[in-house]
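Since the structure comes first, as structure tokens, the remarks are kept for the end.
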2 protein chains.
Amino acid sequence: MTDVKKSRRRPRSDGQRNREQLLDVAKTAFTMGEVDIPLDEVARRAGVGIGTLYRHFPNRDALIEAVYRAELDRLAEAAPVLAAQHPPVEALRAWMRLFVDYIAAKQVIAPALNGLVGGTGALYAHSGDVLKAAVNSLVSAAIAAGEFRADIEPLDLLRALAGVSNFSAGPGWESSAKRLVDILIAGSRSLAS
Amino acid sequence: MTDVKKSRRRPRSDGQRNREQLLDVAKTAFTMGEVDIPLDEVARRAGVGIGTLYRHFPNRDALIEAVYRAELDRLAEAAPVLAAQHPPVEALRAWMRLFVDYIAAKQVIAPALNGLVGGTGALYAHSGDVLKAAVNSLVSAAIAAGEFRADIEPLDLLRALAGVSNFSAGPGWESSAKRLVDILIAGSRSLAS
DNA sequence: TGTTAAACGGAGTATTACTCCGCATATTCA
DNA sequence: TGAATATGCGGAGTAATACTCCGTTTAACA
């Protein structure tokens, strides 16, 4: 599939630099709550022309998705590390807390992802996969160890967490999210042996 | 506060009719996934001028919120009814399932609410209250009956549910949401007496 | 250091959000 | 019932934002 073509040239360094600068500006803006920032403004802050922005990201959603995806990938990478360091259930708990801290607390995902959901849904279909794989391995381990009931669906837990990150506002929010993690884990456990 | 002024006249009937027609068209459009429908188009379908739309709803968010609020109110009203008909935990379970069916499955909330969350947050602050009160009474009852641990925060459950409704896409989604309800309830129960 | 493909910039166009105000009509009251 | 008037209507006009197009610039390679 996707043949690589014989790339006659190395990609241009200014192109990569601009792309990164755009992502950086966008991520910062989204994090600061400027979800509706005009794209001209993003280009201006990144020090590039509007045309350059649109060449790298054909529309607003593409830009948001790119920011989103980078964050998700890093979160997904943490799963195997945690699995190697902790017993199954604790590894899952740690990962879910990481989800809370990293995704929601940083506000990168929650605000930015809104507006995409209602759109094509392509974002979830695509990026969702890496998260799905991550949580899947953790939950499978807990089931294999007999700690979780066999009918627990990893995606259910993920969905619940994602929801919490959408409500991430107001004080004391973080501890609320962590309580929820514990409720989810308690609710997933096997009935007493 | 909000003094009522001496209203010298009854509100005009055509005004109310138009308002309802606009809400109806908007709700239908959002439900059909046309979240980005231009407001001119909403006005056209409702058979009114664009000016009329903007008089009733000063901007897009106001329209979305109005649609949203009507649905939430009806959901909140179900709580006391269920509480009267079932034992505490079952009442809560029934209400949460209603949440799933009514809000998420009808797709009115999830897509429409996106974009508001990142904005002012006024929507949650306002409409959130009625839902909060509803779930609060149900959970309090379960705690009072000794079925739930005392440290369960009603809002945590609500947040988890709201999240699920954002992921409401793809087949088999509904059963997933209902499994989650059960996990949440199992995780909230008192440790065996 | 010349050639060339890749990337740039930003003026221009399309689309959508929102305003403003003259006109129409429902309500009230004599 | 008909005149008076506040309330609401309509849609042309303006502003803001998304997105395109193409002549110019520049990094990569020989």
Side-chain angles (χ1 to χ4, degrees), chain A residues 4-26 29-30 33-67 111-112 114-116 118-120 122, chain B residues 3-26 29-30 33-67 111-112 114-116 118-120 122-123:
Chain A
V4 182
K5 284 282 169 63
K6 53 174 177 181
S7 59
R8 303 179 40 74
R9 286 195 180 190
R10 206 156 36 122
R12 277 174 59 156
S13 57
D14 55 346
Q16 275 183 296
R17 204 170 39 245
N18 283 335
R19 185 190 163 85
E20 270 157 40
Q21 244 146 20
L22 284 165
L23 278 175
D24 210 53
V25 167
F30 294 154
E34 301 179 273
V35 188
D36 292 338
I37 188 172
L39 295 184
D40 324 25
E41 178 63 16
V42 173
R44 210 184 52 70
R45 290 190 196 171
V48 305
I50 183 66
T52 298
L53 186 153
Y54 274 94
R55 198 167 330 95
H56 285 292
F57 309 100
N59 56 45
R60 177 182 213 86
D61 284 358
L63 175 60
I64 294 176
E65 180 177 347
V67 170
N114 296 312
L116 275 181
T120 57
Chain B
D3 58 350
V4 183
K5 284 283 170 65
K6 53 173 177 183
S7 59
R8 302 179 39 75
R9 286 193 180 193
R10 211 158 36 126
R12 280 174 56 157
S13 57
D14 55 346
Q16 277 184 294
R17 206 172 37 247
N18 283 336
R19 184 191 164 86
E20 270 158 39
Q21 244 146 21
L22 284 165
L23 278 176
D24 211 52
V25 167
F30 295 154
E34 301 178 274
V35 189
D36 292 339
I37 187 173
L39 295 184
D40 325 26
E41 177 64 16
V42 173
R44 212 184 50 72
R45 290 191 197 171
V48 304
I50 183 65
T52 299
L53 186 152
Y54 274 95
R55 198 168 328 94
H56 285 293
F57 310 99
N59 55 47
R60 177 182 213 89
D61 285 357
L63 175 59
I64 294 177
E65 180 176 346
V67 171
N114 296 314
L116 274 179
T120 56
L123 177 57

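Quick caveat: nothing in here was measured; it's all calculated off a predicted structure. Numbers restart at 1 for each chain; the letters A, B, ... are given by sequence-line order, proteins then strands. Reckoned from all heavy atoms, side chains included, excluding hydrogens, waters and symmetry mates.
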From C-beta outward on [X], which listed nucleotide comes closest to its side chain: [options]?
X	options	value
A:Ile50	D:dT20, C:dA17, D:dA18	D:dT20
A:Arg9	C:dT27, D:dC19, D:dC29	D:dC29
A:Ser13	C:dA7, D:dA28, C:dA26	D:dA28
B:Val48	C:dT16, C:dC8, D:dG10	D:dG10
B:Arg12	D:dC9, C:dA5, D:dT7	D:dT7
B:Arg60	D:dC29, C:dC18, C:dA7	C:dC18
B:Leu39	D:dA27, C:dC18, D:dA6	C:dC18
B:Asn18	D:dC9, D:dA27, C:dA17	D:dC9

**Q.** Protein-nucleotide distance (A:Tyr54, atom OH; C:dA7, atom P), rounded to Å
**A.**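 Going from OH in A:Tyr54 over to P in C:dA7 covers 19 Å.
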Q) Is any side-chain nitrogen or oxygen of A:His56 closer than 4.0 Å to OP1 or OP2 of C:dA7? A)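 For C:dA7, neither OP1 nor OP2 has a side-chain N or O of A:His56 closer than 4.0 Å.
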Q: Give a yes/no on whether any side-chain N or O of B:Thr52 is located under 4.0 angstrom from OP1 or OP2 of D:dG8.
A: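 Negative; the distance criterion is not met.
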Q: Please check if the side chain of A:Asn18 supplies one atom and the backbone of A:Asp14 the other of a donor-acceptor pair under 3.5 Å.
A: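 Yes, the answer is positive, given that a donor and an acceptor are paired below the 3.5 Å cut-off.
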Q: Write down the atom of B:Ile37, the atom of B:Phe30, and the distance for their closest heavy-atom approach.
A: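 So the two residues come closest at CG2-CE2, 4.3 Å.
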